[in-house]
Amino acid sequence: MSGLVLKLSPKERVLVNGAVIENGDKRSRLSIMTPNANILRLRDAIHPEEAHTPVRRICYATQLVLSGDADPEESRLQLLRRIEELSQVLTDIDSRRQLTLATNAVLEDKFYQCLKALRALIPREDRLLGARLS
């Protein structure tokens, strides 16, 4: 049986199904065997004050589902709408691929996969917003 393997640095924290778990003093490796467990590395988390762009806001909303602070059923439609709005702006092939992955993940209740797909868009969004501000 395969599962998600987390490789944790010393003192690294991870959120698993709403519980914060901190690694000890040495590197370790955890195998998450429960399918569809909600996992979030806290070092990768977007904090509320950082959710100031469209992609980051969707990532943050997805994180709330993963942390148990938002109901998946209630969040699903909102996330799909926001992803659709992004697809009207990010029209290149790579962005469309990531947005399709994110949409499919939401439809399958795989919110970590949704977050992973959306986070891949952050560098592109940064470049586009940086070009607009220049």
message = Within the supplied structure, the quantity of interest is the number of heavy atoms (other residues, nucleotides, ligands) at a distance under 6.0 Å from Asp69 CG; does it exceed 12?
response = yes
query = Where is the tightest heavy-atom contact between Arg96 and Ser87, given as atom of each residue plus distance?
reply = NH2-O, 2.9 Å
ask   = Hey, is the main chain of Val55 close enough, under 3.5 Å, to the side chain of Glu125 for a donor-acceptor pair?
value = yes
inquiry  = Keeping Gln98 on the side-chain end and Ala117 on the backbone end, is there a donor-acceptor pair under 3.5 Å?
reply    = yes
message = Less than 4.0 angstrom from a charged side-chain N to a carboxylate O is my criterion; do Arg41 and Glu12 meet it?
response = yes
ask   = How long is the gap from OG1 on Thr62 to CZ on Arg82, to the nearest 0.5 Å?
value = 8.5 Å
ask   = How close do His52 and Glu49 get, heavy atom to heavy atom, and via which atoms?
value = CD2-O, 3.8 Å
ask   = From Leu40 CG over to Asn17 CG, what is the distance, rounded to the nearest 0.5 angstrom?
value = 11.5 Å
ask   = How many angstroms lie between atom CD of Glu108 and atom OG1 of Thr103, to the nearest 0.5 angstrom?
value = 11.0 Å
message = Are Lys116 and Arg119 packed together at the side-chain level, in the sense that at least one heavy-atom pair is separated by less than 4.5 angstrom?
response = no
request  = Check the hydrophobic clustering (I, L, V, M, F, W, Y; side-chain heavy atoms under 4.5 Å; chains of links allowed) and say if Ile21 and Ile39 are grouped together.
outcome  = yes
note = The reported gap from CG in Leu99 to CG in Leu101 (rounded to nearest 0.5 angstrom) is 9.0 Å
task = Might you point out which heavy atoms bring Ala102 and Ile83 nearest each other, and give the distance in Å?
result = CB-CD1, 3.9 Å
query = Under 3.5 Å, side chain of Ser75 to main-chain N/O of Pro72, donor-acceptor pair present?
reply = no
message = What verdict does the side-chain contact (heavy atoms from CB on, under 4.5 Å) test give for Asp126 and Arg56, after you've listed the backbone C-alpha separation in whole Å, the side-chain angles of each residue and the deciding distance to 0.1 Å?
response = CA-CA 10 Å; Asp126 288 345; Arg56 283 181 174 85; 2.9 Å; yes
inquiry  = Looking at Asn23 and Lys26, would you say the former's side chain and the latter's main chain have a donor-acceptor pair under 3.5 Å?
reply    = yes
Spacing of Ile46 atom CD1 and Leu115 atom CG [to the nearest 0.5 Å] = 7.0 Å
ask   = Do you know which two heavy atoms are closest between Cys114 and Ala105, and how far apart they sit?
value = N-CB, 3.4 Å
query = Any side-chain heavy-atom pair from Glu74 and Val65 closer than 4.5 angstrom?
reply = no
inquiry  = Take a 6.0 Å sphere around CZ of Arg43 and say whether it holds more than 12 heavy atoms from other residues, nucleotides or ligands.
reply    = yes
message = If you define the side chain from C-beta out and look only at heavy atoms, does anything of Ile122 sit under 4.5 Å from Cys59?
response = yes
inquiry  = Ignoring hydrogens, what is the shortest heavy-atom contact between Ser9 and Arg27? Give both atom names and the distance.
reply    = OG-NH1, 3.5 Å
ask   = So do the side chains of Arg124 and Ser95 get within less than 4.5 Å of each other, counting heavy atoms only?
value = yes
Nearest-0.5 Å distance, CZ of residue Phe111 to CG of residue Leu66 = 8.0 Å
query = Closest approach of Val20 and Leu15, non-hydrogen atoms and distance?
reply = CG2-CD1, 3.7 Å
inquiry  = With a 4.5 Å cut-off on side-chain heavy atoms, are Leu90 and Leu128 touching?
reply    = yes
query = Does one hydrophobic cluster hold both Tyr60 and Tyr112, with members joined at side-chain heavy-atom distances below 4.5 Å?
reply = no
request  = Please examine the side chains of Arg29 and Leu8, heavy atoms only from C-beta on, and report whether any two atoms are closer than 4.5 Å.
outcome  = no
